[in-house]
Each structure stands twice: as structure tokens, then as C-alpha cells.
Amino acid sequence: MTSIQATPAPQRPWAIRLSILGAAVLSLTAAAGAATGRPPRFELIGQAGLAIQIHLAAVVLALGVGAWQLLGPKGTTAHRALGWTWSLAMMAAALSSFFIRTVIDGWFSPIHLLSVITLVGLPTAIWAAHRHDVRRHSRIMTSVYLGGMIVAGGFAFLPGRLLWNVFFS
């Protein structure tokens with residue numbers, strides 16, 4: 001029986017910096033909303049549909065776990081366990097997004113393409129890890145994190161969207 005040793009992932013300082021920058025921008029956006037003198041209207045989340053609540057819960061979990069995964073050591077037991085947690089959260093976020101069709105009244109929007117990419121990318125990245133293709137695994141997981149968390153997260157704060165209303169209305 002062979003043991004699996006921690007394999008150093010290819011360094012992607014640009015991706016880590018971009019992820020931290022994106023998370024910081026989203027956090028600052030939320031803080032700016034709070035700085036308006038009005039408390040966030042979290043009750044709007046409670047009034048939202050079940051799909052939106054599931055989606056938001058999965059995204060919040062994936063945002064935190066994903067940031068830890070990008071910054072923490074790779075190839076460890078903790079990395080694998082948290083990787084499965086992150087992957088399941090991302091799958092839940094992607095799948096629940098198909099039940100959210102508020103951007104284009106009842107239709108899928110271009111944002112849903114990110115969900116399709118996530119649903120294809122995650123199994124591909126997991127398979128790459130299984131085959132010990134660390135470079136491909138790292139590249140895909142980083143891309144899914146950036147696209148799913150930072151790009152889609154940015155759209156969530158556009159005027160008229162739920163998070164905009166929570167923090168700015």
C-alpha cells in the first residue's frame with residue numbers, strides 16, 4: 001500500500017491575488033452599504049424564495065472554504081476534505097441557480113453559463129486530482145472559484161439584485 005504525499009501545487013500568485021482582491025471588493029461593497037447609515041436588510045433574504053436562500057448559503061460556504069483552499073497547503077488530508085466540502089457547496093450553488101430566473105423575467109440569463117461551466121469544471125478537476133494531474137486540477141479549480149465566486153458575486157451586487165437591496169436600499 002502506498003501513501004499519498006502532499007504535492008506542491010503550481011504557484012498561481014496572480015490567481016490568489018485576484019481572488020483576495022475580488023473577495024475584498026465584495027466585502028468592501030457590503031461594508032459601503034452598511035456605511036450608508038442604514039443597517040443591512042437581512043430580512044429580505046428571509047423573504048426570498050427557497051432556491052435563493054439555498055444558493056446564498058452555498059455561496060457563502062464556498063466563498064470562505066475556497067479562499068482557505070487557495071491559500072492553504074495542498075495535498076493534505078484537510079485539503080482533500082475541504083475540497084469535497086467546497087465542491088459540494090459549488091455544486092449546490094450551481095444547481096440552485098437554475099431555479100433562480102429573476103434577471104430576465106422567468107428566463108435563464110447569461111450568468112447561468114457560469115453554472116454550466118462549474119458543473120462541467122468540478123468533475124473534470126476532481127478527475128484530474130484523482131489522476132494526480134495537479135497542474136490541471138489547480139488551474140480548473142482556481143478558474144471555477146474566480147468565475148463562480150468573484151465574477152458571479154459581482155453580478156449579485158448590481159442594482160436591483162437581492163444583495164444590492166440588502167446592503168444599499
Side-chain angles (χ1 to χ4, degrees), residues 9-34 40 42 44-45 48-49 51-72 74 79 82-129 134-169:
Q11 292 300 314
R12 296 185 175 287
W14 63 268
I16 292 171
R17 288 184 188 116
L18 187 59
S19 297
I20 293 170
L21 176 65
V25 167
L26 294 177
S27 297
L28 288 173
T29 302
F42 291 118
L44 295 176
I45 295 170
I52 291 173
Q53 293 174 355
I54 291 170
H55 182 75
L56 189 56
V59 165
V60 168
L61 176 62
L63 183 65
V65 173
W68 179 265
Q69 289 292 82
L70 280 174
L71 297 171
K74 313 298 186 265
H79 178 78
L82 287 172
W84 281 110
T85 301
W86 182 78
S87 295
L88 291 172
M90 288 297 291
M91 290 290 242
L95 290 171
S96 63
S97 76
F98 293 114
F99 297 93
I100 303 169
R101 298 187 216 148
T102 56
V103 174
I104 303 175
D105 198 29
W107 295 84
F108 293 114
S109 71
I111 298 170
H112 287 97
L113 290 175
L114 293 171
S115 295
V116 173
I117 291 168
T118 298
L119 293 174
V120 171
L122 286 173
T124 305
I126 291 167
W127 182 248
V134 175
R135 179 181 286 288
R136 185 169 192 219
H137 170 76
S138 175
R139 183 175 40 86
I140 294 170
M141 288 301 208
T142 301
S143 298
V144 169
Y145 183 83
L146 291 174
M149 297 289 95
I150 307 306
V151 174
F155 285 117
F157 280 93
L158 289 176
R161 303 288 311 272
L162 176 63
L163 292 181
W164 173 272
N165 291 333
V166 167
F167 292 104
F168 295 103
S169 69

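Computed from a predicted structure; not experimentally measured.
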Exercise for review: Inspect the surroundings of CZ in Phe99 and state if more than 12 heavy atoms from other residues, nucleotides or ligands are less than 6.0 Å away.
Suggested key: no

Check your understanding: Which atom names give the shortest non-hydrogen contact between Leu44 and Ser169, and what distance separates them?
Key -> CD1-OG, 4.4 Å

Practice item. Write down the atom of Ile100, the atom of Ala51, and the distance for their closest heavy-atom approach. Key: CD1-O, 3.8 Å

Study note, to complete from the structure: Rounded to the nearest 0.5 Å, the NZ atom of Lys74 sits from the NE2 atom of His137 at a distance of 9.0 Å

Check your understanding: Do Phe42 and Val166 come close enough that some side-chain heavy atom pair is under 4.5 Å?
Key -> yes

Exercise for review: Answer yes or no: is there a side-chain heavy-atom contact under 4.5 Å between Tyr145 and Leu63?
Suggested key: yes

Check your understanding: Atom OG1 in Thr118, atom CG in Leu95: separation rounded to 0.5 Å?
Key -> 10.0 Å

Review point. Are any side-chain N or O atoms of Ser97 and backbone N or O atoms of Ala94, one a donor and one an acceptor, separated by less than 3.5 Å?
Key: yes

Review point. Just wondering, do Phe157 and Phe167 contact through their side chains at under 4.5 Å, heavy atoms?
Key: yes

Exercise for review: Would you name the heavy atoms of Val120 and Thr124 that are closest together and state the gap between them?
Suggested key: O-OG1, 2.8 Å

Review point. For the atom pair CD1 (Ile54) and CG (Leu56), what is the distance rounded to the nearest 0.5 Å?
Key: 11.0 Å

Check your understanding: Below 4.5 Å, heavy atoms only, C-beta onward: do Leu119 and Met90 meet side chain to side chain?
Key -> no

**Study point:** Any donor-acceptor N/O pair, Ser138 side chain to Val134 backbone, under 3.5 Å
**Key:** no

Revision key, fill the gap. For Ser87 and Ile126, the nearest pair of non-hydrogen atoms, with its separation, is OG-CD1, 4.0 Å

Exercise for review: Please report the shortest heavy-atom distance between Gln69 and Leu82, naming the atom on each side.
Suggested key: OE1-CB, 3.4 Å

Point to revise | Any side-chain heavy-atom pair of Ile140 and Trp127 under 4.5 Å | key: no

Exercise for review: Give the minimum heavy-atom separation between Ala156 and Arg161, together with the two atoms involved.
Suggested key: O-CB, 3.3 Å

Check your understanding: To the nearest 0.5 Å, what is the distance between CG (Leu163) and CD1 (Ile45)?
Key -> 6.0 Å

Exercise for review: Determine whether Leu61 and Leu88 make a side-chain contact, defined as any pair of heavy atoms from C-beta on separated by less than 4.5 Å.
Suggested key: no

Practice item. For residues Trp86 and Leu122, determine if any side-chain heavy atom of one lies less than 4.5 Å from a side-chain heavy atom of the other. Key: yes

Review point. Any side-chain heavy atom of Gln53 sitting closer than 4.5 Å to one from Ser96?
Key: no

